[in-house]
Structures are given as C-alpha cells and as structure tokens.
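From a predicted model like this one, the values you see are computed outputs, not experimental measurements.
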Amino acid sequence: MKVIVYGTGKMAELICYSFDYDSPHKVVAFCVDDVYVPEAGSRLLGLPILSFDQVREAYPNDSHLMHIAIGRNGARESAYYKVEEAGYSFANYISSKANLWPNLAIGKNVFIDQACDIHPFVTIGNNCMLLGARIGHHSTIKDNVLLSGNILAGNVTVGSNSFLGIHSTVKEDVCIGTNNIIGAGVFINRNTEDYALVTNVPILQKVSDSKRFLMFNKSNGIKQD
C-alpha cells in the first residue's frame with residue numbers, strides 16, 4: 001500500500017526509511033501543515049513535500065494510507081485527528097527486528113522500532129511511538145504516548161499523551177498518569193498524578209508540574225519534529 005508520511009523532521013526520515021526497507025508499504029510523499037509548506041518543487045529523500053490539501057487532491061484516501069511521524073505528542077495527536085477526519089486510514093510500522101509476541105494488541109498509527117522488546121499480554125493504543133522500549137507483560141500503553149529507550153516492568157499502565165525518556169524505568173504494577181513527562185534516567189516506583197513532571201537532579205529526585213512546559217501551541221500550527 002502507498003503511504004504519505006506526515007512530517008518532515010528527522011523522525012519522519014527514519015519512519016520513511018523504515019517503511020521503505022522493512023514493510024510491504026511504499027512512501028510516496030511527505031505532508032506538512034500549511035505553515036510549514038516549503039516552496040513549490042521541494043523534496044525530501046527524493047519525494048515531494050506537500051500541504052495537507054495538496055495531499056488530499058493528489059493522493060486520495062481510498063488508495064493511500066497515512067502515518068503521522070511527529071515526535072511531539074500534542075502535535076502528533078492534533079495531526080492524527082485531522083487526518084482521521086479527512087477519511088484516511090493509518091499505516092502501522094513494526095520492525096521485523098523487534099522482539100515481540102504474536103498476541104500483541106495495537107491501535108492505529110503505531111511505530112515500533114527495531115530495538116523494542118515487548119512481552120506477551122501487552123496493549124498499545126493509537127498514535128504511539130516506541131523507540132528502544134522494553135515493555136513487561138500485561139502492560140498497557142494508552143493513546144498518543146512516546147516511549148524512548150526506557151524499561152517498563154510487568155503490569156504497568158502509561159497514561160495517554162505521556163513521554164518517558166531514555167533509561168527511565170517503571171516498577172511493576174505502577175500507573176503513570178496522563179500528560180506526564182518522565183525524564184532520562186528516572187526510576188518510578190509509585191503511581192504518578194496527571195501532568196506530573198519527574199526529573200533527576202544530583203542526589204535528589206525532583207517532582208514538578210508538566211503544564212508549564214509548552215509542548216504544542218495550536219495557534220502556531222503543527223511543529224514537524
């Protein structure tokens with residue numbers, strides 16, 4: 001099936017490469033939000049970069065899939081609903097080099113890279129990116145989550161729109177709240193509240209509020225990285 005990749009950042013390049021060399025799909029174009037449309041004829045990896053309206057005209061939803069390749073959770077969520085409303089279906093990518101079991105339950109617009117290790121009885125929601133994640137049995141990853149090089153023990157729940165950074169670890173039976181930002185190298189051993197920001201500082205762990213970090217401003221359009 002032919003795929004349009006939504007985004008033009010480094011993540012979009014990685015996802016395009018992954019689809020082309022390790023999936024039955026073929027990427028035919030990149031799509032960007034209107035505020036990021038380059039001059040006519042611009043290309044990335046030899047493929048055209050088009051606005052969403054141009055994509056809808058040239059690549060109809062009855063013969064093309066979309067994949068939202070934007071790292072920021074809020075921006076990726078906004079693009080996901082925009083594309084879904086336009087009637088497009090989504091392409092998933094699961095690396096042939098990932099270590100996983102056949103009963104994995106996943107939603108739409110999911111990207112799982114080659115370094116992931118996923119136990120049985122895991123559920124992954126819509127619009128999630130998993131990069132080098134190790135996920136224990138009976139864990140649930142809700143919608144619009146990005147996991148980057150972290151470890152989840154068994155029976156962990158990660159709330160929607162949360163980000164877990166490199167080398168972060170979550171103890172078994174722990175629930176991560178919605179809209180959390182878990183920093184690199186953090187060990188989580190108890191449930192977190194919604195909108196929690198958890199980071200490591202020298203010696204002490206700092207717990208704060210992630211609302212003060214502006215991840216996405218709708219008035220400014222969809223950032224592509």
Side-chain angles (χ1 to χ4, degrees), residues 1-96 98 106-114 124-131 141-148 160-163 179 213-225:
M1 194 76 172
K2 296 178 180 178
V3 174
I4 294 91
V5 170
Y6 202 125
T8 54
K10 299 302 183 184
M11 185 68 72
E13 291 188 22
L14 170 64
I15 289 176
C16 175
Y17 185 95
S18 300
F19 272 122
D20 282 349
Y21 289 94
D22 187 35
S23 86
H25 302 306
K26 182 68 176 177
V27 178
V28 295
F30 289 93
C31 176
V32 294
D33 203 43
D34 289 343
V35 296
Y36 295 102
V37 176
E39 62 183 50
S42 296
R43 303 179 77 83
L44 176 63
L45 301 180
L47 301 175
I49 303 173
L50 305 174
S51 71
F52 187 58
D53 286 340
Q54 289 171 325
V55 165
R56 294 179 68 182
E57 182 176 348
Y59 303 102
N61 60 23
D62 60 352
S63 56
H64 294 80
L65 302 175
M66 285 277 232
H67 188 90
I68 314 302
I70 302 171
R72 294 175 183 264
N73 287 339
R76 191 171 67 257
E77 180 185 26
S78 180
Y80 176 90
Y81 290 124
K82 178 180 178 180
V83 167
E84 185 177 57
E85 186 177 353
Y88 285 89
S89 296
F90 295 93
N92 287 338
Y93 171 79
I94 302 176
S95 173
S96 64
I106 64 173
K108 299 176 288 186
N109 200 69
V110 173
F111 180 82
I112 299 175
D113 83 348
Q114 73 273 12
I124 299 170
N126 296 325
N127 206 30
C128 292
M129 284 185 174
L130 278 62
L131 308 170
I141 314 302
K142 297 193 176 179
D143 296 345
N144 311 309
V145 166
L146 196 158
L147 303 180
S148 179
S160 60
N161 294 82
S162 289
F163 167 80
N179 294 281
F213 283 80
L214 182 60
M215 301 296 288
F216 172 58
N217 187 333
K218 291 183 179 180
S219 66
N220 293 332
I222 298 171
K223 184 172 176 56
Q224 302 307 317
D225 269 332

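Residues passing the side chain to side chain donor-acceptor pair (under 3.5 Å) test with Lys108, sequence neighbours excluded: Glu84. Shown here are the ring pair (Phe, Tyr, Trp, His ring centres under 6.0 Å) partners of Tyr81, two or more places apart in sequence or in another chain: there are none.
Heavy atoms only, all atoms of each residue included: Cys31 and Met66 are closest at SG-CE, 4.4 Å.
Put simply, the side chain of Asp113 does not reach to within 4.5 Å of the side chain of Leu14, judged on heavy atoms. In this structure the side chain of Met129 never reaches within 4.5 angstrom of the side chain of Leu147, judged on heavy atoms. Looking at Val27 and Tyr17, their side chains never come closer than 4.5 Å, going by heavy atoms from C-beta outward. Counting heavy atoms from C-beta outward, Ile106 and Cys128 have side chains that stay 4.5 Å or more apart. You'll find the side chain of Leu65 reaches within 4.5 Å of the side chain of Ser89, heavy atoms only. Side-chain atoms of Pro48 and Tyr59, non-hydrogen and from C-beta on, do get closer than 4.5 Å to each other. Side-chain contact between Phe90 and Val110 is absent, with no heavy-atom pair separated by less than 4.5 Å.
Ser42 places a side-chain N or O within donor-acceptor distance of the main-chain N or O of Glu39, the cut-off being under 3.5 Å. Of the possible polar contacts, one joining the Asp143 side chain to the Asn126 backbone as a donor-acceptor pair under 3.5 Å is found. Remark: the backbone N or O of Gly107 is paired with a side-chain donor or acceptor of Asn92 at under 3.5 angstrom. Side chain of Asp22 to backbone of Ser96: a donor-acceptor contact under 3.5 angstrom is found.
Sorted by first then second residue, the side-chain hydrogen bond (donor to acceptor under 3.5 Å, both in side chains) pairs that include residues 46-57, not counting sequence neighbours, are Ser51-Gln54.
Relative orientation of the Tyr93 and Phe111 rings is parallel, given thresholds of 30° and 60° on the angle between their planes. Between Phe19 and His67, the two ring planes are perpendicular [angle over 60°; tilted spans 30° to 60°].
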Quiz prompt | Chi angles and distances behind the side chain to side chain donor-acceptor pair (under 3.5 Å) call for Asn109, Asn127 | solution = CA-CA 5 Å; Asn109 200 69; Asn127 206 30; 2.7 Å; yes
Quiz prompt | side chain to side chain contact (heavy atoms under 4.5 Å, CB included) between His64 and Val55, worked out | solution = CA-CA 10 Å; His64 294 80; Val55 165; over 6 Å; no
Quiz prompt | Stepwise side chain to side chain contact (heavy atoms under 4.5 Å, CB included) check, Ile112 with Ile124 | solution = CA-CA 10 Å; Ile112 299 175; Ile124 299 170; 4.1 Å; yes
